[in-house]
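To keep things clear, I will list the structure first and then write my remarks on it.
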Amino acid sequence: MPYSFRQLDAFAGYQSGMPSPGYYQQLWEAGPQAAAQGLLRSVAERLRARRIPVSTADLIAARGLTQGLALMRGHAHETRVDVLDGLAGALISDDLDRPLPWTGRGTLSAGTHPVVVEMVAACAGESEGQLHPDTPLPPLVHDVAEQLARLGLADPAPEGPFTIDLTDAAGLTRSQVLHRLRVLGIPGFTRVFGPADGSDPVFTERWEPGRAGGREAALIEAGAYGARLDEAASVVLGQRARASGTEAGALAGLLFDAVLCGVGPLCDELLEALAAQVGQVPELGPLGEVLTAALGLWRHDRVFGVARGRLLGSVVAGAADRVFWLAEGLHGGTGVDFARLRALAAARDALLHAPELLSVTREAAAEAAARIGRDPRAPADLRGAAVGLRWALGVPDDPATAVQALASRAADTLGDWLAGLFALAREEVTAGATGDGEPLIDVLDGIVSALAEDDFLTGLPALRQAFAFFPPRERERIAQRLLQRRGKHGSARSLLRTTADPLLLARARALEENVARLLDRHGLGAAR
C-alpha cells in the first residue's frame, strides 16, 4: 500500500491503526533487544538533529531506567513502554500537564512537550509502502506524472528552491500545475513567495521542493475528483465554494486560488457561484476583501488572463452593490473599523474605474453616501467616509460644514470621523478647499486648536490614528502649512520627529497642570 508508517500510526489519528508501527516492524524483523536499542538510538538522533540537548549521560540514565522498569514490571525483555518511560524520566525535567500519550490512544494534543513529540515520531518510523507496478491506478496519477515530467518537476525534482517567471508562458504553466497540486493537497512543493492578491505587482514565484512521501497515496485519493489535474482542482474549488457559504474571507481566497490554478472554462461555473454568493455576505468588512481582490484582477491582471472577464466583472458588480446596501443599514459602534473603510474605498474604486459593471450609478452612490453622512446612528468613521466618498466622486459638497457640526456635537468622535474622511478622500483633503476658498487643512487646524484641553487629550489617540492615513511626505506638507499659518519659520520635518511618544508628552503636560491647580488651591503655587 502506498502509505507511510506515520499515516498508519494511531497517534496520527488513524483509528484503525496500531501505535508506533515503526517500532513493531523492527520488533518483528530483529527481535525485542534490537528494537529497544534502535528506538533509543532513533530518539537521540531526532532530538540532536533538532538541537535539543541530549548528552551521553542522559542516554546512560535512560538506559538504566529502562532496564530497571522492565525488571520491576516483570518483563523478560525491554518493551516499547519501558523504553519510552525510561527516556521520559531521563530527558524531561519539566512538569507535564497531561498524561504521556502512550498511556492511552488518540492523537497528540496541542502543547505536547517537544521531547515527547519526537519520541512518538521515532516510534512511528519513516518507511513508506509502494504499490506493485502492475496495480491499476486512477487516470489522475498518470496525468500528474506526465505533466510533472514534461515540466521538469518529476524525479529527479529540483534540488533547491526555484523561481518561476509568471510573465513567461512556460513559467505560467508550471505555476498553474503546482497550484493545482497545492489545492488538491498533494505534497512535494511549497510556495514561499509570490503575488498575494490580484493587485499585487509581483510577477515571480518562488517554490521549494519537499519530501514527496505520500504523493502517490494523495493522488490516488484525489482521483475521486476527476481524471485530469485541472478537472480535479476545479471540483475541489467548487466544493470549497459551497462549504464557505457567505464567509467573505474564504470567498476572497477562493477567488484568487481559482485564478492561480487557471482552470479555464471549468472555472466559469465557480465564478458564477461566487457572483451569487457575494450578494448574500452579511458583513461589510470581509465583503471588501472580495471586492478588492476581484476588482484588482479585473483591472490590472496581465499575467493570468482574467482581466476584463465577464464573470469576474459580475463578482465585482455583486460585491459593490452589496457594499452600499450594507453600509446604509449599519448603525452603532465606536472606534474606527479599518475593514469597512477598505470596503468603502474598494466600492469607490469600482465606481471610478469600472462604472460599466455596476447597477448603482455615481449619482445613486452619492445619494446613499449623503444619507449615511446625515444619519446620527451611523458610526462616526462611516459618516466621515460617506463625506469623503461624495468628494471623491466629484459631487459638490462642503466637508467643512460637516466637520464643524461634528466638532460642536461630539469632539471625542472627531478623530474617528476624520479617519473615514481621509481613508476615502486623502488627496482631495490635502488639495481641497471649502466653499469660501479656505484650505480644508486650515479649517481642521482651527477646530483642533479650539478644543478644550481635556477634549483634546481625549481625542488625541483617534486624531493621531486618522492622520496616519497620510504618507510621510504628505504629513510634512501639512506640517509646513501649519507653520505658515502661524507665521513661523522652521523645519516641518522636525515636527514629525519628537524625542518621545506624543501621548506620553500629553499625559506629562496634563499631570503638570493637575499639580499646578492643586498647589494653587492650597496657596502654594508660584506666580505664573
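The first residue of the sequence shown is numbered 1, and numbering continues consecutively from there. Reckoned from all heavy atoms, side chains included, excluding hydrogens, waters and symmetry mates.
- Listed here is the closest heavy atom pair of Arg377 and His331: NH2-CE1, 3.1 Å.
- In this structure, Phe469 and Phe338 have tilted ring planes: the angle between them lies in the 30° to 60° band.
- Considering Leu153, Leu178, Thr190 as possible partners of Trp207, the one that fulfils the side chain to side chain contact (heavy atoms under 4.5 Å, CB included) test is Leu178.
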Could you walk me through whether Trp391 and Glu427 satisfy the side chain to side chain contact (heavy atoms under 4.5 Å, CB included) test, starting with their C-alpha distance in whole Å, then the side-chain angles of each, then the deciding distance to 0.1 Å, before giving a yes or no?
CA-CA 10 Å; Trp391 209 2; Glu427 295 179 0; over 6 Å; no
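- Considering CZ of Arg383 and CG of Leu330, their distance stands at 11.5 Å, rounded to 0.5 Å.
- For the pair Arg481 and Asp445, the salt-bridge criterion is not met [side-chain N within less than 4.0 Å of a carboxylate O].
- Nearest heavy-atom pair, Phe422 versus Ala466, reported as atom, atom and distance to 0.1 Å: CD1-O, 3.3 Å.
- Remark: the backbone N or O of Ala232 is not paired with any side-chain donor or acceptor of Arg180 at under 3.5 angstrom.
- Although no hydrogens or angles enter the test, the distance criterion places no donor-acceptor pair under 3.5 Å between the side chain of Thr413 and the main chain of Asp416.
- Partners of Arg206 according to the side chain to side chain donor-acceptor pair (under 3.5 Å) rule, which considers only residues two or more places apart in sequence or in another chain, are Thr163.
- Distance check, rounded to the nearest 0.5 Å: CG of Leu140 to CD1 of Ile186 gives 7.0 Å.
- For the atom pair Arg342 CZ and Leu291 CG, the distance stands at 12.5 Å (nearest 0.5 Å).
- In this structure, Arg299 contributes its side chain and His353 its backbone to no donor-acceptor pair below 3.5 Å.
- Sorted by first and then second residue, the salt bridge (charged side-chain N to carboxylate O under 4.0 Å, His left out) pairs with a member in residues 344-373 read Glu328-Arg371; sequence neighbours excluded.
- The neighbour count for Arg473 CZ, taken as heavy atoms of other residues, nucleotides or ligands under 6.0 Å away, does not exceed 12.
- Looking at heavy atoms from C-beta onward, Arg191 lies in side-chain contact with His179 at the 4.5 angstrom threshold.
- Of the possible polar contacts, one joining the Asp143 side chain to the Leu229 backbone as a donor-acceptor pair under 3.5 Å is found.
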Using atom types as modelled, flag every donor-acceptor pair under 3.5 Å from a side chain in residues 216-227 to any protein atom, sequence neighbours excluded.
{"residue": "Glu221", "atom": "OE2", "partner": "Tyr3", "partner atom": "OH", "Å": "3.2"}

